[in-house]
Amino acid sequence: MSGEGRPRIARLRGVGRGLLLGLLVLAPSVVASEFMLDVLPHPGYTVLNDALATVFGLLFGWISIGLWISLAGALRLLLRSRSWLAGRGELRTDPGARVALVVPVFREDPMAVCARIETIYRSLEETGRLAQFDFFLLSDSNDADAWVEEEVAWAGLRARLGAQARVYYRRRRNNIKRKSGNIADFCRRWGLQYRYMVVLDADSLMAGATLGRLVDLMEQNPTVGLIQTLPAAVHQNTLFGRAQQFASRLYGPVFAAGLHFWHMSEGHYWGHNAIIRVAPFVRHCALPRLPGGGAFGGEIMSHDFVEAALMRRAGWEVWLEPGLEGSYEETPPTLLDELKRDRRWAQGNIQHARLLFARGFVPLHRAVFLNGIMSYVSSLLWLAFLVLSTIEVVLHVLIPPQYFPRAHVLFPVWPVWHPEWAAMLFWFTLAILFLPKVLAVVLTVVRGRLRLFGGLGALLLSVTLESLLSSLLAPVRMLFHTMFVVSVLAGRKTQWGPQSRGDASTGWAEALRHHIGGTLLGVLWGTAVYILSPHYFWWLVPVMAAWVVAIPLSVWLSRAGPGRAARRWGIFRTPEEIDPPALLRRYEEARAQPGLRRRTPARGFLAAIVDPGVNALHCALLKPSVAGHEGLLLSRQQLMLAAIKDGPQALSPHEKLQLLSDRDTVAALHWRVWALRASRARQWLDEGVLAQGRPLPPPFVKARR
Amino acid sequence: MVADKRTHRRVQVIPLDVHDPGDIQARVRAYLGVLGMPEGRIETLVETACAGAAHGGDAFRRLRAALVDHLAATEPGVADDPECAGLARLALWLDAPAAALESLPVSPPLIRQPMASERDLS
C-alpha cells in the first residue's frame, strides 16, 4: 500500500487553505502597518518610522495566525464537526497488525518511565489489545549511573509483568543523531517486524483504548502515514507548571481543532504521542546531516517537523487528530526548565530555515517551518520594536522639532501625534492576543464543560490569573528567546542534557544568575526613558516591570507549595485533576510500587560492580566479551587495576562507561572487589555491608552482685 | 618481609585480598546476605567457600562454583561458567526460576534494513 495515490483534489484543497490563511494574515498585517505609520509622530524620521511599521506588521501577522487558527477551531468544536480522518471509510480492526511502542529515553528517571510503561501495558491488557503490542525502552543514556539504574528499573518492570511480557530494553553505545537517531536505530533493527510504531516521550502516557483506536484509524486509512494526538498536560504541582497545564488544557483543544481544520492531511508531528506507519517512515524519513557548520548545518535538531514534511512529500498523509482523549504528557515544571528546553528548540527551529525552500515539501509544511522559526525570531522583532520606538522617542525629545523644514514657507509644520490612535492600536492588538482565550472560555460554557474546570467562577478566576501570568512571563521569555536567536545565529550550539521533570524548583542563586541581566536592563532602560519621556515610560512599564520582577517571579512560580495552594483554592484546575481518569490513577499506583530489592546503598555504576544481583543483571544484558586485539585487552586490564587501586571515585565518566561495556571486566571486577582486604574494599563497599558478615559481639551481661 | 628481585632490598608485602580466615568468612557471609541467600543456606555455603581458602580471591572462586552447583541442583544443563554463575545470582536476587530469566536479555530477532539518508533536502 502506498500513499502516493492521493487525489489531486486533496492537494489543491491544501493549497487553497494555505492561501486563504495567508490572505487572512497578510491583509490585516498590511493594514496594521499602515495604521502604525499614521500613529507615529509626524513629521518623524522616515527610515525609523518605516522600520517600526514593518516590524509591527510582521508581529501583527504573527499573532493573528493564532487568532485565525483558534477561530477555525472554535467553529469546528461549536458545530461539533466530526474529525475528517475518523469520518472516512469503515472502521477496521486487524489483530495481526503488529505495533511497537517505542520509548526513547536519555538520562530520565527510569522508575517513573517504567511505571508509565506498566500503566500502558495494563491498560492495553484490559482493552484486549495487548497481543498486538511490543514495548521497547530505547536508551541513549551516556552516563554509567543512568545506564545501570535503567536496567534495574526495567528488570523490576519485567518481574512485575511476568516473563512473558514483551518489554525490551536496548541501550545505544553511540547516541548519534540523538532522539531521531535512536528511533532510526530501532527501525533499522526491528522495524521490518512492525506495521506501526507509537512513539512516546519519557513522560508520555496513553490509554490502551486510545492506542487501539489509533491503530484502527491507521487500518481504516491506508494512505495515512502518521497520526499525531493532542497530549493533555498532567501531573504538575509547581505554580508555573499548573498554570501552563491549565492553559494547555483549556486553550489547547481549540487550537488543535483549528490546526486540524487548516492543515488537514498536511498536519503536524510533535515527536511523541503519535502513531507512525513504519515502512514509509523507514523509506522516506531518514534525516540527513545538513552540509556546513554553524547554526544551519550538522544534524537536524528538531526532527519531528522534518519527518512529517518528508512523509507528506512522499505522498503519505499526516494528520493531527485532536479528538482522541487518553493521551498525556508532562510539561517543564519551572520557567528556567522551559527556557532550557526552548534553547534547544530555538536552535532546531532556526535550522529549519535551511529547509524552507527544499525540494518537494508541501506549502503548508513550509509554513510550519516558518511558523517554528517565527516562534523565536518574533522575540527578536519585539525587542527590535521596543528599541526602535525608544530611539524614536529619544530623538523627538533631544532634537527640537523643525517648524519650518523648508525655506520660504509661510506656515509652520506642527508636530502631530495621536495618542488616542496609539491606544486604539494597542487595545486592538491586545484583543487579537486575548480573543483565543475568550473563545476557549465561551466554548467551555457552551459545551457544558464548566464542571471539568471547577465551575464558572473558578474558570474565570483561573483564566484571569493565567492571562496576568502569561503577560508577565512574555517579556521574560522574549528576552531569553532573543538571546537564543542571537546565540544560534552566532553559531553557538547547545548541549544535549536531560530534562527536568517532577517538582523541580529554582533556587535564588540560579534565578539570580539567569535573570539578573534582564533585571538590570529593565531598571536602566526604564529609568532612562522615565527621565527623558515620562509619558512614554508608561507604555514600556508592562515589559520593564516583568524584567525587574523576573527573579522573585521565577523562584516563586517554581515552588510546589503555591501550586498546591492554588489547587486547594480551585485555581488552575483541569479535568484530570477534578476527575482523574483511570489511567492516571493506575499510574500513581504503579509509581508507588517498590522496585527490586536492594540490600546495599550502592546505586548506578557502583551497584553494577558491588551488588551481586545488579552485577549479574548487567552482565546478562551485555554481549559476551570478544577477544579483541592485545592493546584493547591490556587497556581493560589496566583500567581494572586502576579501579582496584584507587576506587570508583578516581574513574572518569568515560572510564566508567568503558568498564561497564565489557562483560568479563565487569564480572571480574565484581569478584575482585569483594575479595579485597578491608582498606581497599572500603573504597567500594559500604561500611554497613562490610560489617554485615562479621559475627555479632557476645552480648554484654551485667554481672549480678 | 621479602626481598625485591630488582633492588635486593627487603620490602613488606601486604596481600591485596582479605586473608584472615575470620575476615574471609565474614566477607563471604556479607556477600550472601546482600545477594539474598536464604539464611539456612548461608553457613553451609560459607563453610564450602572458606574451608582451606588461602585468601578472599580463593574463597570467592569457590563460592562462585558453589552457586553454580546450587543452580545445577534445580536446573539441568548448568555448567561452571561465568554465565551460569551470573544466572544463579540473578535467580536468587529476583527470586525467580532461572528458566524464566533466560528470556531477560532476549530481544526480537534482528532483521536489519537500511534507512538511507536523504541527500537532496536543501
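A note on names: the letters A, B, ... follow the listed sequences, proteins ahead of strands, and every chain is numbered from 1.
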Practice item. Assess whether salt bridge (Lys or Arg N to Asp or Glu O under 4.0 Å) is satisfied between A:Arg680 and B:Asp17, documenting all intermediate values. Key: CA-CA 9 Å; A:Arg680 291 237 175 266; B:Asp17 284 357; over 6 Å; no

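- A side-chain N or O of A:Arg170 and one of A:Asn182 form a donor-acceptor pair less than 3.5 Å apart.
- In this structure, chain B has a heavy atom under 4.5 Å from the side chain of A:Tyr194, while its backbone stays farther away.
- Between A:Phe361 and A:Phe369, the two ring planes are perpendicular [angle over 60°; tilted spans 30° to 60°].
- Per-residue heavy-atom pair counts under 4.5 Å with chain A were compared for B:Pro109, B:Gly56, B:Pro114, and the maximum is reached by B:Pro109.
- A salt bridge is defined here as a Lys NZ or Arg NE, NH1 or NH2 lying under 4.0 Å from an Asp or Glu carboxylate O, and A:Glu687 with A:Arg682 meets this definition.
- At a 4.5 Å heavy-atom cutoff, A:Ala159 makes no contact with chain B through either its backbone or its side chain.
- With a threshold of 4.5 angstrom between heavy atoms, B:Val28 does not approach chain A through any atom at all.
- Using a 4.0 Å cut-off between charged side-chain N and carboxylate O, B:Asp20 and A:Arg677 make no salt bridge.
- Counting heavy-atom pairs closer than 4.5 Å to chain A, the top-ranked of the candidates B:Ala91, B:Ala96, B:Ser107 is B:Ser107.
- For the pair B:Arg61 and A:Trp671, the cation does not sit on the ring face, since its NZ or CZ is not both under 6.0 Å from the ring centre and inside 45° of the axis.
- Of the two parts of A:Arg663, only the side chain, counted from C-beta on, holds a non-hydrogen atom closer than 4.5 Å to a non-hydrogen atom of chain B.
- Ranked by heavy-atom pairs under 4.5 Å with chain B, the list A:Pro624, A:Ala675, A:Ala309 is led by A:Ala675.
- In this structure, A:Phe136 has its ring center no closer than 6.0 Å to that of A:Tyr169.
- Top candidate by heavy-atom pairs under 4.5 Å with chain A, chosen from B:Leu90, B:Leu35, B:Leu16, is B:Leu16.
- Within the 4.5 angstrom heavy-atom criterion, only side-chain atoms of A:Ala681, from C-beta onward, approach chain B.
- Only the side chain of A:Val152 comes within contact range of chain B, with heavy atoms under 4.5 Å apart.
- Taking the six-membered ring for Trp and the full ring otherwise, A:Phe135 and A:Tyr168 have centroids separated by 6.0 Å or more.
- Ranked by heavy-atom pairs under 4.5 Å with chain B, the list A:Leu621, A:Val282, A:Leu685 is led by A:Val282.
- Both the backbone and the side chain of A:Arg597 come within less than 4.5 Å of a heavy atom in chain B.
- For A:Val167, no part lies under 4.5 angstrom from a heavy atom of chain B.
- No donor-acceptor pair under 3.5 Å is formed between the side chain of A:Arg189 and the backbone N or O of B:Arg112.
- Contacts between B:Leu92 and chain A at a heavy-atom distance below 4.5 Å involve the backbone alone (N, CA, C, O).
- Contacts between A:Phe281 and chain B at a heavy-atom distance below 4.5 Å involve backbone atoms as well as side-chain atoms.
- The candidate with the highest count of non-hydrogen atom pairs below 4.5 Å against chain B, out of A:Leu356, A:Leu622, A:Asn615, A:Asp611, is A:Asn615.
- In terms of non-hydrogen atom pairs under 4.5 Å with chain B, the most contact-rich of A:Leu596, A:Thr600, A:Ile644, A:Asp134 is A:Leu596.
- The pair B:Glu43-B:Arg29 meets the salt-bridge criterion, since a charged nitrogen lies less than 4.0 angstrom from a carboxylate oxygen.
- Below 30°, between 30° and 60°, or above 60°: for A:His618 and A:Trp147 the angle between ring planes is above 60°, a perpendicular geometry.
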